[in-house]
There are 2 protein chains.
Amino acid sequence: MSEDSSNLQGIVTNLQPPTASSPLVRKLGSLCLLSEEEISFLEGWQNNTIDVEAGVDFFVEGTERKTTFIMLEGWSIRYTVLSNGRRQILSYALPGDILGLHINFNAKATYSAAALSTSRLAVVDPRRILEIYQKFPILASGLSWATAREFAILGDQTVRLGRLSAKARLAHLLLELWHRLELIGNNEGNWLQLPMTQSDLADTLGLSLVHTNRSMAALRKSGLVSMTKNHIKLENIDALVQMAEFNPDHLAEFSI
Amino acid sequence: MSEDSSNLQGIVTNLQPPTASSPLVRKLGSLCLLSEEEISFLEGWQNNTIDVEAGVDFFVEGTERKTTFIMLEGWSIRYTVLSNGRRQILSYALPGDILGLHINFNAKATYSAAALSTSRLAVVDPRRILEIYQKFPILASGLSWATAREFAILGDQTVRLGRLSAKARLAHLLLELWHRLELIGNNEGNWLQLPMTQSDLADTLGLSLVHTNRSMAALRKSGLVSMTKNHIKLENIDALVQMAEFNPDHLAEFSI
DNA sequence: CGAGGAGTTGAAGCAGGTCAAGCGCTGTGG
DNA sequence: CCACAGCGCTTGACCTGCTTCAACTCCTCG
């Protein structure tokens, strides 16, 4: 595995040793040296937590959006549903990711968010975000980085949907998730454990369920991935990267 | 800035300061009451301008990204090109829009940006953005709103590509652009003057050029739009909104 | 007056959608 | 302990929306 990631240099940097703490502190701490004060502010920020069961919305499109959430455990999705029942998943949120960081106090949510697996979230008062920007310049640039990364991820999703074939879309998404899990230390080698169904994948990739299944089978037949019950193994990451034109730089951490 | 642009053809450094109030001040000023100090800060922020000719890149994927740009005049696109030459346009930037607001100092641009029509841009030192957050809380929440809106626009683009038919995609995009132009006061009634070609539209909508042309013809034949040389008229906005499931709330300004 | 870019149209092919059926697991209740 | 309901996955057959290839028409500009 270490040689597989050798061509993806600069991704895994760990300035802040993972001394327990929240995923967000680990994430931002891997970017820059956080002071004790900053860490304790961030930790205190996340004191108020809720547990959300799989399938439950915690953010509903069209309703007023008064809180910001930070994923502590589990997976969630941001999505919209059209009137004909078709759903489009915009992105996945993993531990350490922030939902609703840039809040528009008077506006309504432009998407819904739901837990994919049983999740724990911190509930944050968005007014305290401006506080971060005022008081903690290093944290502020960390949040700015996190925002740029969210844009890159959503931009990649746009390219997937607009210009990749079904097989390449699937490969691209698997690589994105594998890299993101890798960066938060939730991977075991080339194995991926995904909480979503093929129906969720279809709604992410803009495909039908049937064709998503066939694309998965195609990846399997060409030896690029293999599957067991709950796990997917990326058998040839270089080949996947090439066929999907995946660019790991888009997910990179930055150093200082 | 002139040293950065010296190697880029078609980019002309501009020494004279902007005259009246900039589009960005108008945009943020429509959201909240800005103080004299905030306005003069924002105006001073945009003193350093460049002119970019149509088709010229001012932001190149994979290169280091050291500056933030603010559109003053003209249109530009954010896009990526795949190895087979296929291009995906991610979004359009109109006067008052900011490119590279959330900068990751050490990272590379994850997309390119080019002028669609001859454009004037302000070149901004991204370090001064953190200054805004520290010193001007009202401006800061304005930037936060602008960011949330960018996400909404890119999210809409994702839904378009993932779950709408070709005809609906086109209608949805036309509505987005019409609303955005309306909000910055660049519209005359139901007429749209677009600087892009059908090939650009195709690369935005994830379609082939031929099918984009046919989708446009289909909208025309069903009486939803009409066209002259350089203009498109939205003949029945309600019907367009319904067929494209367009939600204008995603583009809304906020009040207070 | 000729070249080249933008738009338009026709014809044929195919990637992916839709409909339909069946499989295997898991949980639940009789 | 079995039955059976339901969900997730798989596969076959057919259909269609979009792509591709190829031509032709404008229009503009040199």
Side-chain angles (χ1 to χ4, degrees), chain A residues 53-55 77 82 84-89 116-118 160-174 192-222 225-232 243-244, chain B residues 53-55 77 82 84-89 116-118 160-174 192-222 225-232 243-244:
Chain A
E53 283 173 34
I77 52 172
L82 301 180
N84 56 10
R86 303 183 105 190
R87 178 178 64 151
Q88 179 63 50
I89 293 176
L116 255 192
S117 56
T118 305
R160 268 199 292 264
L161 295 177
R163 287 296 181 226
L164 295 189
S165 69
K167 204 175 154 187
R169 278 183 221 185
L170 180 54
H172 198 285
L173 179 63
L174 293 177
L192 266 174
Q193 189 183 0
L194 301 180
M196 63 273 217
T197 65
Q198 291 192 355
S199 173
D200 295 325
L201 284 176
D203 289 345
T204 308
L205 301 173
L207 299 170
S208 68
L209 168 58
V210 170
H211 202 67
T212 301
N213 181 286
R214 291 193 163 114
S215 303
M216 190 70 94
L219 286 184
R220 234 185 291 129
K221 273 164 205 153
S222 42
V225 308
S226 60
M227 298 167 65
T228 64
K229 196 100 225 312
N230 288 317
H231 295 259
I232 299 177
M243 77 155 285
Chain B
E53 284 173 32
I77 52 172
L82 302 179
N84 57 11
R86 301 182 107 190
R87 177 178 65 152
Q88 178 62 50
I89 293 176
L116 255 191
S117 55
T118 304
R160 267 198 292 264
L161 294 177
R163 287 296 180 226
L164 296 188
S165 70
K167 203 173 154 189
R169 279 183 220 184
L170 180 54
H172 198 284
L173 179 63
L174 293 177
L192 266 175
Q193 188 182 2
L194 301 180
M196 62 273 216
T197 64
Q198 290 192 356
S199 173
D200 295 325
L201 284 175
D203 288 346
T204 308
L205 301 173
L207 298 170
S208 67
L209 167 59
V210 170
H211 202 67
T212 301
N213 180 286
R214 290 192 164 114
S215 303
M216 190 70 95
L219 286 184
R220 231 185 295 128
K221 271 163 205 155
S222 42
V225 308
S226 60
M227 297 167 65
T228 64
K229 199 97 226 312
N230 289 317
H231 294 258
I232 299 177
M243 77 154 287

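Chain letters run A, B, ... following the sequence lines, proteins first, then strands; residues in each count from 1. The structure presented is a predicted model; accordingly, all values stated were derived computationally and were not measured.
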Exercise. Taking atom C1' of dG8(D) as reference, at what distance in whole Å does atom CG of Leu201(A) sit?
Worked result: 12 Å
Exercise. Which residue lies toward the 5' end of DNA chain D, Ser165(B) or Thr197(A), if each is placed at its nearest nucleotide?
Worked result: Thr197(A)
Exercise. Under 3.5 Å, is there an N or O donor on one side and an acceptor on the other linking the side chain of Arg214(A) and the base of dG12(D)?
Worked result: yes
Problem set entry | Heavy-atom side-chain contact between Leu205(A) and Leu164(A) under 4.5 Å | no
Exercise. So, do Met216(A) and Ile232(A) sit near enough that their side-chain heavy atoms are less than 4.5 Å apart?
Worked result: yes
Exercise. Quick one: Leu207(A) CG to dC18(D) C1', roughly how many Å, whole number?
Worked result: 14 Å
For this session: Kindly say whether Thr197(A) contributes a backbone atom to a donor-acceptor pair with the side chain of Asp200(A) at under 3.5 angstrom?
Result: yes
Problem set entry | Interatomic distance where CG belongs to Leu164(A) and P belongs to dG16(C) [whole Å] | 10 Å
For this session: Round to the nearest Å and state the distance from Arg163(B) atom CZ to dG16(C) atom C1'.
Result: 12 Å
Exercise. For Ser208(B), which contact category applies under a 4.0 Å heavy-atom criterion: base, sugar-phosphate, or nothing?
Worked result: base
Exercise. Rounded to whole angstroms, how far apart are CD on Gln198(B) and C1' on dT9(C)?
Worked result: 12 Å
For this session: Go through the N and O atoms of the side chain of Arg169(A) and the base of dG16(C), and report whether any donor-acceptor pair is under 3.5 Å.
Result: no
For this session: Between Ala166(A) and Val210(B), just flag the one whose closest nucleotide in DNA chain C comes earlier from the 5' side.
Result: Val210(B)
Problem set entry | Under 3.5 Å donor-acceptor, Arg163(A) side chain and Gln88(B) backbone | no
Problem set entry | Any Asn213(A) side-chain N or O less than 4.0 Å from OP1/OP2 of dC9(D) | no
For this session: Take atom NE2 of His211(B) and atom C1' of dT19(D), then tell me their distance rounded to the nearest Å.
Result: 9 Å
For this session: Specify the separation, in whole Å, of atom NZ of Lys167(A) and atom P of dA15(C).
Result: 12 Å
Problem set entry | Beyond-backbone contact of Leu219(A) with Met243(A), side-chain heavy atoms, under 4.5 angstrom | yes
For this session: Send over the distance from Leu209(A) CG to dG8(D) P, rounded to a whole Å.
Result: 10 Å
